[in-house]
Asks: 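My questions all concern the structure below.
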Amino acid sequence: MILYRLRKHGQALVALGSAAVLTATMTQPAHAATHRSGDLAERLKATMVAQNFGDLVDTTPPGSAQARALDAQPESESGRPKHAPALNAAAATTIHQQPQVDMTVIELDKKGRPVSSGTVLMSPKYKNGVVVPVDKNLRTTAVRYRLWDTDQWDANNGQGTTDTVPGRENAPIDYMEPYSASIVKLMVGFGIMQLVDKGAIKLSDTYAYTPTKPSDRCEGATTRTIGEYFDRMITISDNGSACTLIKVMHEHGGVDWLNQQFQDLGLDMLQLKGTDPANGDWSPQITMSSLDTAKLLMLINGVSGTAWTAPNGKPVTSDILSKSSREYFMKELGDQGWNNVLSTTNYCGYSYPAQGMPQRIADRWIGPDGTVTVNNDPTDGKYQYPVKPCQDAGQVTFAHKTGLTAFAAGDAGIVHSLPGQAKRNYIIVAFSNLGWRYQDANRPNPGVQPAVNRTEKFAKIGRAMDEYEAQK
């Protein structure tokens, strides 16, 4: 039986089978490939729905003693926080509602130009996902984005109350965007590299970080080069280094300037707000969406000609960063140590989590015994088995940044095929509220193998979407 749904809220008229389908509409540029954006969006949506996020286990369910204890503790964003709840929490229950998941995939041609995109949002309101319609500039005004609030998600059916983009009161999709966690460091890195291009700072400059206010997130006084801080911020997700570089940006007037630039570029949801010039710390006021983050990564990757046209009518090109800055940024993202969300090569040889996209990781983390150790951390960063089998089977590079807190987990990066492999060039971004508070029901006992501090469902999505791209 075939049903039909009329165009509504920017969704195209489509044939429906046994499950409802929503298609994104996107006016294709002249260089667009023959496949439609709707094809990609529908595949992404189906892949997300297939994960059945509703079967996750909540170790700190609302109202529990664990939840009250968690509320009283600061969040950490690298590795598994030492203050995480017990791995076999007695109060654990099945997650009480559909989580917030925001994902975007943008396919690129060989010159880095967008040819197709798909953005899908999931929430208690959109249990089976909703495809976000975008225009020819990969921009949407169809979403009323709300600021993340964990208490509102727990108690208010996932409904946020604070708008993050003005003028969207009548938008057809109402969505509380998950906290971006350490993926915020992409915005910081972008701002720093622009200061380098302007000649305000050099990567070789030695900088003495001397905060004038204490912070749970930021470290104490340190002295390193700007490049060393940048490397630590991106590759091991060091919070202290991010605080340092935000402080550097404040000293050069770069934070307000960067926020205005994002708005001018039409990247409405990239907002580095609530940062403290005294120490570089940031607040939950920061926002990112998967769509705008993917577009930022497009600029970092490099685009031949115009990437999109800004709301003011000006063309946006990758010349916003110099070639050398883009290459440096890409190398740092390629050296990411935490390959454990959309890709899981660090866990090569483990029965759990599932294999993610077939990424070949940076050699710098592989020791003489063939195993991975990130940041010389024997607790959170030491993996048990040699990764050579997965390295040999690698098909792609993944220049990316991960993020993790109790209430957030995500990954954002650029995928390119390795020589001799099926060709793919695409960007993939995932944001969610599925931090280390949530576990897979099938996760092995920590006594059997080291604990995994996030769901394997994103690895399954990463694998499935990469296979889809490879088949093209």
Side-chain angles (χ1 to χ4, degrees), residues 75 77-78 102 145-149 162-166 176-198 200-201 207 209 211 213 215-218 226 229-230 232-234 237-300 310-311 316 320-321 325 329 332-333 400-405 407-408 410-413 429 431:
E75 292 194 29
E77 296 184 11
S78 59
D102 171 13
Y145 287 107
R146 309 289 193 123
L147 187 66
W148 177 256
D149 187 302
T162 303
D163 289 295
T164 57
V165 179
M176 184 163 62
E177 182 66 38
Y179 175 54
S180 58
S182 282
I183 300 176
V184 67
K185 293 162 187 172
L186 289 177
M187 292 196 290
V188 178
F190 191 76
I192 287 294
M193 295 317 300
Q194 287 192 305
L195 288 177
V196 169
D197 285 345
K198 292 176 182 296
I201 59 174
Y207 181 79
Y209 173 69
K213 181 191 297 184
S215 164
D216 289 328
R217 194 193 327 258
C218 305
I226 297 294
Y229 284 120
F230 194 103
R232 290 173 62 83
M233 176 181 74
I234 296 297
S237 203
D238 181 58
N239 287 334
S241 293
C243 293
T244 298
L245 294 180
I246 291 173
K247 191 172 186 298
V248 169
M249 290 172 64
H250 272 293
E251 292 171 1
H252 292 275
V255 175
D256 291 341
W257 175 83
L258 181 66
N259 281 325
Q260 184 58 55
Q261 182 186 55
F262 285 145
Q263 298 306 301
D264 293 343
L265 293 173
L267 302 175
D268 304 315
M269 279 293 287
L270 299 189
Q271 302 175 16
L272 188 63
K273 292 184 176 180
T275 58
D276 192 336
N279 53 25
D281 202 355
W282 61 93
S283 77
Q285 295 177 36
I286 62 169
T287 65
M288 303 178 80
S289 67
S290 71
L291 178 59
D292 284 353
T293 301
K295 292 171 70 176
L296 181 68
L297 287 168
M298 190 195 312
L299 297 179
I300 296 169
V316 178
I320 198 165
L321 287 181
S325 287
F329 209 155
E332 290 295 306
L333 292 171
H400 66 124
K401 183 73 196 75
T402 59
L404 175 70
T405 71
F407 311 108
D411 204 350
V429 180
F431 289 121

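The figures here come from the full heavy-atom set of this structure, side chains too, leaving out hydrogens, waters and symmetry mates.
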Asks: Please tell me if the side chains of L272 and M249 come closer than 4.5 Å, counting only heavy atoms from C-beta onward.
Replies: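 They are in side-chain contact.
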Asks: Sub-3.5 Å donor-acceptor pair from the side chain of T405 to the main-chain atoms of A408, do we have one?
Replies: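 Yes; judged by distance alone, with no hydrogens or angles, the pair exists.
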Asks: Mind checking salt bridge (Lys or Arg N to Asp or Glu O under 4.0 Å) for K247 and listing every partner two or more places apart, or none if nothing turns up?
Replies: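 K247 satisfies salt bridge (Lys or Arg N to Asp or Glu O under 4.0 Å) with E251 once adjacent residues are dropped.
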Asks: Taking side chain as C-beta onward, heavy atoms only, is I192 less than 4.5 Å from V248?
Replies: yes
Asks: Are side-chain heavy atoms of D102 and E177 found at a separation under 4.5 Å?
Replies: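 Yes, at least one pair of side-chain atoms sits under 4.5 Å.
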Asks: Do S182 and N239 make a side-chain contact, defined as non-hydrogen atoms from C-beta onward lying under 4.5 Å apart?
Replies: yes
Asks: Is it true that F190 and F329 have ring centroids separated by less than 6.0 Å?
Replies: no
Asks: Are the side chains of P284 and L147 in touch, meaning some heavy atoms are under 4.5 Å apart?
Replies: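 Contact flag for P284/L147 side chains = no.
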Asks: What's the shortest heavy-atom distance between M187 and L258, and which atoms?
Replies: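 Looking at all heavy atoms of both residues, the shortest contact is O-CD2, 3.5 Å.
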Asks: Do any N or O atoms from the side chain of Y209 and from the backbone of N279 form a donor-acceptor pair under 3.5 angstrom?
Replies: yes
Asks: Between the main-chain N or O of A242 and the side-chain N or O of K185, is there a donor-acceptor pair closer than 3.5 Å?
Replies: no
Asks: With sequence neighbours excluded, tell me which residues meet side chain to side chain donor-acceptor pair (under 3.5 Å) with S241.
Replies: D238
Asks: Would you list the pairs meeting salt bridge (Lys or Arg N to Asp or Glu O under 4.0 Å) in which at least one residue belongs to residues 280-296, sequence neighbours left out?
Replies: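 The answer is R217-D281.
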Asks: Any chance you could measure I226, atom CD1, to I201, atom CD1, to the nearest 0.5 Å?
Replies: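 Between I226 CD1 and I201 CD1, I get 5.0 Å after rounding to 0.5 Å.
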Asks: May I have the step-by-step check of side chain to side chain contact (heavy atoms under 4.5 Å, CB included) for L186 and L297, ending in yes or no?
Replies: CA-CA 9 Å; L186 289 177; L297 287 168; 4.1 Å; yes
Asks: Decide whether T287 and T164 meet the rule of one side-chain donor and one side-chain acceptor closer than 3.5 Å.
Replies: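 No, no side-chain donor-acceptor pair sits under 3.5 Å.
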Asks: Check this for me, if you would: do R146 and D163 make a salt bridge, where the nitrogen-to-carboxylate-oxygen distance has to be below 4.0 angstrom?
Replies: yes
Asks: What residues, two or more places apart in sequence or in another chain, satisfy ring pair (Phe, Tyr, Trp, His ring centres under 6.0 Å) together with Y145?
Replies: none
Asks: Starting at NZ of K401, measure out to CE of M233 and round the result to the nearest 0.5 Å.
Replies: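 Answer rounded to 0.5 Å: 8.5 Å.
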Asks: So do V188 and F230 actually touch side chain to side chain, heavy atoms under 4.5 Å?
Replies: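 Contact flag for F230/V188 side chains = no.
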Asks: Side chains of residues 260-267: which donor-acceptor partners sit under 3.5 Å, not counting sequence neighbours?
Replies:
residue, atom, partner, partner atom, Å
Q260, NE2, D264, OD1, 2.9
Q261, OE1, Q194, NE2, 3.4
Q263, NE2, D268, O, 3.1

Asks: Hey, what do you get for CZ (F431) to OG1 (T293), rounding to the nearest 0.5 Å?
Replies: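 The OG1 atom of T293 is 3.5 Å from CZ of F431, to the nearest 0.5 Å.
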Asks: Pairing donors with acceptors under 3.5 angstrom, does anything connect the side chains of S325 and D197?
Replies: yes
Asks: Which heavy-atom pair separates Y229 from Y207 by the least distance, and what is that distance?
Replies: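 Minimum heavy-atom separation between Y229 and Y207: OH-O, 3.5 Å.
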Asks: Let me confirm one number: the OG-CG distance from S237 to L404, rounded to the nearest 0.5 Å.
Replies: 9.0 Å
Asks: State the CG-CG distance between L291 and L270, to the nearest 0.5 angstrom.
Replies: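 Reported to 0.5 Å precision, the distance equals 9.5 Å.
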Asks: To the nearest 0.5 Å, tell me how far T162 OG1 sits from Q285 CD.
Replies: 9.5 Å
Asks: I want to check something: taking the side chain as every heavy atom from C-beta on, are F407 and P178 in contact at a cut-off of under 4.5 Å?
Replies: no
Asks: By salt bridge (Lys or Arg N to Asp or Glu O under 4.0 Å), which residues pair with K273, not counting sequence neighbours?
Replies: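 Partners of K273 under the salt bridge (Lys or Arg N to Asp or Glu O under 4.0 Å) test: none.
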